[in-house]
Structure formats: C-alpha cells, structure tokens
Amino acid sequence: MEKLLDTIRQAFDSIRTQKLRAFLTILSIVIGVFAIMFAGSLVSSINSTINQQLSALGENTFYITRMPSINIGGGHQGRLYWMRPHLDIRQFQKFATRMQDVAIVTAITGSSGFVVKAGNLSTDPDVSLVGTDDKYFLTSNQEILEGRALTPTDIQYNRKVAIIGNDIIVKIFPRENPIGKEIRINNRPFTVIGILKPQGALMGQSQDNQIIIPVNLFLINFASRWEQDLTFVVRSPDKISLSSTIDEAVGNLRIIRNLKPYELNNFELETNESLSEQFASLTGYLSYFGVFSGVIALLSAGIGITNIMYISVKERTREIGIRKAVGATKRWIVFHFIFETVVITTLGGIFGIIVGFGFSAAFGLILGTKITLSVQWTLISLIVSIALGLISGVFPAWRAASLNPVDALRYE
Amino acid sequence: MDESLIIKLDNIIKRYEMGENQVLALDDISLEIKKNEYVAIMGPSGSGKTTLMSIIGCLDTPSSGTYYLDGENVEVMDDNELADVRNRKIGFVFQTFNLLPRENCIKNVELPLIYAGVKADQREELAIQALKNVGLEDRMFHKPPELSGGQRQRVAVARALVNNPSIILADEPTGNLDTKTGDEIMKLFHKLWQSGHTIILVTHEEDIALNAKRIIRLRDGKIIDDYVNTHQILIEDQKNI
Ligand SMILES: Nc1ncnc2c1ncn2[C@@H]1O[C@H](COP(=O)(O)OP(=O)(O)O)[C@@H](O)[C@H]1O
Ligand SMILES: [Mg+2]
C-alpha cells in the first residue's frame, strides 16, 4: 500500500517534469477511452431504443417498400435498388383489394418541413406530414386522443381532413379546441377532425409534430411525380399466419407487377426482425468506427507514454544508479517503472471514463433517450488503460533496468 | 582460503574501449584485504582508484581476473545476485553523496532496507538508529538540499551502515568537504572501523589517507606500493588530545 502511494507520487513526479507532453498523452488516453466507451454505450442504447420501438409496432406487421430502409454501401446493388419501380397508389389499390380477406393493409407516405397555419398563428417549417388511409390506426401504435380517425369515405372522396399532433396544437391552437377548425398546410386548407395521442420523443425527434391526411391528397398536393412512392403496411391477424400472409402479399404484388417466375422481387419486404437486423448492422458499423478511432488514439497515447517514460528514465539515471548501488535488482527496477507507467495510464483511463459518462449523459439529454453506460464498456476501458501502461512501460523500464550502475552514477 | 580474508583480487584487469583507443584502467591488480582492515587507496587522478572501488563494490565487473568476496567468486554471479551482494555486504559512500534529493533523510537511509525486504516500520526504526549514530537525529525529516555538505555525507554514511554491511567503501568521501567537516567524517569512519567494519577509503589527499592502517598506492592502474601506516598511531594520539 505504502509502495503503491510511493509509486503514484513518483508517477506524478514524472508527469510534473514534462507537463505538456503528459497533458497531451493523458488527453489521448482520455479520447481513446472515451471513444471506445461512448461508441459502445451509444450503440447499445440505440439498439435497445430501436428494439423497443419495433416491438411496439407488433410482431404481426410487415412492410413492403421499394428499397431497404438502411442501404449501406451502394455500388451495383445500390443502382439496382434505384432502378426498381415505385410502389404507387394504383398498385396499392389493387394490392389492397387482393389482400382484403387475408390481412389489414394500409399505405403510408410522408415527408417533413411543412408550415402549418391557423388564423395568424404559424408553426415552424418543420412539421411532418403523413399520407395514409383509414386502416392506419389499425396497423400502427399511434392512437386518437380526441375526434375521429380517417374513414373510407374520407379516402374515397379525398376529403381535406387532417389529424394533428400535440406540438402543432400548442403552436397554433393555444387556447381553443382545434377539432372542426381550419388549418392551412403550406397554404392548402384542411379541416381538423382528430387529435393524436402524444407520444414524446424518439432519438431526439418529437413524435408529436405530425399531421395525418388522406394519402391521395398528400400525393396530389405535396409529392412530385417522382415521389409517388408508398410503403405498404400489412398486418396479419396473428403470428401464426404471418408467414402465409407474407407469401400471399409477395405473390399478389408479383402478379400486380407482372413479374415472370424467373424474375427477382423488385420490391423489399421488411419485417420487424429484418429491420432490427439492419439497424444492428448499422450500429455495428458505428461501434467499429468508435472502437477503431479509440484504438488509434490509444496507440498514439501509448507512443506518448513510452516517450515520457524514456525521458523520465533518462532524467532519473543517477537515481537509478543510486538504487542499483544500494541493492535494487533488475527485476525491481523493471517492476517499478512499469508500475509507474500503469499508474499514469490508469489515471488517464479513469479521466476518460468520467468524460465518457459526462458526454453520454449530455448526449442522452439532447437525444431525449437514456444512454445506458454499460458496466461492460467501463471495465473494458479500464482494462485497456492498464494494458496500455503495461505495454508502453516495458521498453523504458527495461532501459532503466539495464543501466550499468557505474555509468548511471557518473551521469550528470 | 584464509578465513579472515574478505577481499581477494587475483590479476584483475579492467579495460575501457573508447572507439579505437583502449584505456587500461586496472593493470593486473592482485590484492588481499582482511576483515576489519582499514585501507586507504591512494594515487593521482586517473590512476584507477574509482575503477578498483567499483569492482570491489560489485558495481562493475573486471575484464579479466578473479575476485573473491567473502569467499564467494563474484565472476559467476548474475545481475540479481550482484545486486544482492551490494545490498548485504557493501555500504557505499561517494564524493558527491548520491542521495535522492526529493526524499527526506529517513527515506534515503531506508533505501537499502527496502531492497533487503525489511518491513516498513522496522525500516524506519533502523534508519533512525543509523541517523542517530552519525549525529543527525535533529535533521531526520529534512531533505538533502536543506542540509550542509557535511550533513549530507553523514546521511550517506548512515545509509551505508544501516544494513550492517561488512565492508564500507568510500570514494573520496571528503572531496567535497572543507577540512573541518572532512575530519568529522573521518572520525565517523574511525568509529565504524572500531565497531568491526572493514573500511576501504579512496583518496588522493595524504592527510586523509593517514587515518587508515594500511595504504595502497596506485599509478597507471598498477599497485606501486602497499604498506602499514606507521603515522597512524601519531594521528590517533593527536585525536585523543
Ligand atoms: N567508463 C569509462 N570509460 C572509459 N574510460 C574510463 C571509464 N572510467 C574510467 N576510465 C578511465 O580509466 C582510468 C581510471 O579512471 P578512474 O578509475 O576513474 O581513476 P581515478 O578514480 O583514480 O581518478 C582513467 O584513465 C579514466 O579516464
Ligand atoms: Mg575517482
């Protein structure tokens, strides 16, 4: 214990005599540890949030889209995706008719950046617009708080009706009940028929800054000719029938698209499972990146520490000579200097962990999600710091131990 | 081998390679020193005194020749064994004191005990005892830079004797001290000799050498003279006055 304190003090001496170098080195340990820990924690938080959301959507639901939701890379496969036809409203109508006995189907499209006004009050140009049909609330986890949902006749006659989220109400209907009132979305008039139940934020994005309107109106008014692309949502009655429903859906869409038996599907099928797999691979890349940059930072930290310890050994040549003269063995000196190095790197690592905790907490606040700092990554960071000290201490320690006592005592 | 022999050098040669040049620092030295002798090694600068002391103190190894320390052949020892021998059998006192400037006197004196594996509380006790023996009980918590040259050399002497080694090796211990403080250090050595230590004192000052019972003179790495100091008694008489 006393020896530990002694060595810590000597480690601080080594640091004190070379402040700038030590600062930079400890900084790179901090960055390295932080990168590893932060990437690890962030990724596991994102994963758990996404999985939560996905499972909230229900296990019986799947989607048909033009392209995979996460398209990493590009290249040849990317071009093939872009060459696929859009899932347009005609195909959807045929699809819905063919599927009506098997499952609940709906279409979703949308985009964001809309301005919504009522009287002389206005939102920021950041409102998300969703175009869908009367089956929407049967397939999503969203609910109506007040008023009513879209009806088949709303869809059939393209009624200019809207269901609005809480953020919009706060901005443009601060004092009145919006139901029955007129709003203007990018200056096109709609009548409010319902209010969405508030959902809070997901990954820092409010889920309540949203308006739902009939799908056709969205396509006519707010989508250009090359944006007439829908996501088909299919909900099978239960989990057992999910795979037969998927088969049915794929078959029907192939028929609608006149695909020959030898042609591949020119659309994408996404289940909750396939989506979470895609997210997992994305977060996998993120964590590789974090670990990679962490390793680079730690590598430079290692070089920095080796350097500091070399200089420290040189400056303490005479001290080493004295210690050897009075009986310090090679083994003892090696141990002493490696230990001193480990003290420095571990201190850096602990700093890094603290900074990592701080950043993760701050990031969690910004994103509106809880970033859980895993014990696992904290431990890994600590172990990596210790290992860094062991590795970068070896050469300076060996240099110190191999000094010839006569030469060391002569050293000025 | 004679039981009372503590140091036995046979045909010791030490060569230093300096690029093309070779320096023959010790040229065929054979020497025997008995337990509890008080020997002064004398000679002009560059005659090989420090080199000889380094070899006797196991800080360095000879280019050739054999060295028996307390009956053990040093030649066959590895680094760790040499460190152990230095720790147990030899106490060094250097011209430049060679103390750790950042540690207080007790910590400095404790140093050999750390490597001897003595427990912390016992270490401190022994260090304090050694510091009392050299008359520094009131300076124990000072660090070397806060002490005078004479006081520093006493700390070094305390460190040399704390592990109770059989041999005290001193290389110009008074070289950095004025005559009066030098004499005080020499009194300490006299005391150590009386209590049974073997003292080997390197110096180039005649009057310091006269404290020893035996004087060996070196020149160009060779022993040119080795005799009993007959002036010794006279000096001792002076001291007793
Ligand atoms: N490490 C060394 N490398 C080269 N030459 C050395 C070394 N140490 C001592 N010498 C040479 O060996 C000779 C003896 O030196 P030294 O033992 O220090 O003499 P003294 O202590 O009597 O002054 C000198 O010529 C000195 O230059
Ligand atoms: Mg000398």
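The figures that follow rest on heavy atoms only: side chains count, while hydrogens, waters and symmetry mates do not. Naming: A, B, ... by sequence-line order, numbering from 1 per chain.
- Other residues, nucleotides and ligands place more than 12 heavy atoms under 6.0 Å from the CG atom of Asn73(B).
- For Leu99(B), the part sitting under 4.5 Å from any heavy atom of chain A is the backbone (N, CA, C, O) and nothing else.
- The number of heavy-atom neighbours closer than 6.0 Å to OH of Tyr16(B), taken from other residues, nucleotides and ligands shown, is above 12.
- With contacts defined as side-chain heavy-atom distances shorter than 4.5 Å, the pair Arg323(A)/Leu100(B) qualifies.
- Comparing Gly321(A), Pro405(A), Ala325(A) by how many heavy-atom pairs each has under 4.5 Å with chain B, the most go to Ala325(A).
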Steps toward side-chain hydrogen bond (donor to acceptor under 3.5 Å, both in side chains) verdict (Arg318(A), Thr96(B)): CA-CA 11 Å; Arg318(A) 212 185 167 90; Thr96(B) 52; 2.8 Å; yes
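- Between Ala328(A) and Ala83(B), the shortest heavy-atom contact is O-CB, 3.6 Å.
- Here the side chains of Phe92(B) and Leu409(A) are not in contact, with every heavy-atom distance at 4.5 Å or above.
- The local environment of CZ in Phe351(A) is sparse, with at most 12 non-hydrogen atoms from other residues, nucleotides or ligands closer than 6.0 Å.
- Other residues, nucleotides and ligands contribute more than 12 heavy atoms inside 6.0 Å of the NZ atom of Lys35(B).
- Residue Phe94(B) holds its CZ atom at 11.5 Å from CZ of Arg410(A), rounded to the nearest 0.5 Å.
- Phe97(B) contributes atom CZ, which lies 12.0 Å from atom CD1 of Ile322(A) (distance to the nearest 0.5 angstrom).
- With a 4.5 angstrom heavy-atom cutoff, Asn80(B) touches chain A via backbone and side-chain atoms both.
- Of all non-hydrogen atoms in Leu59(B) and Val406(A), the two that sit nearest each other are O-CG2, 3.4 Å.
- Considering only heavy atoms from C-beta on, Asp84(B) stays 4.5 Å or farther from Thr329(A) through its side chain.
- No other option in Glu81(B), Arg88(B), Arg86(B), Arg159(B) has as many heavy-atom pairs under 4.5 Å with chain A as Arg86(B).
- For the residue pair Asn87(B) and Gly327(A), the shortest heavy atom distance occurs at CB-CA, 3.7 Å.
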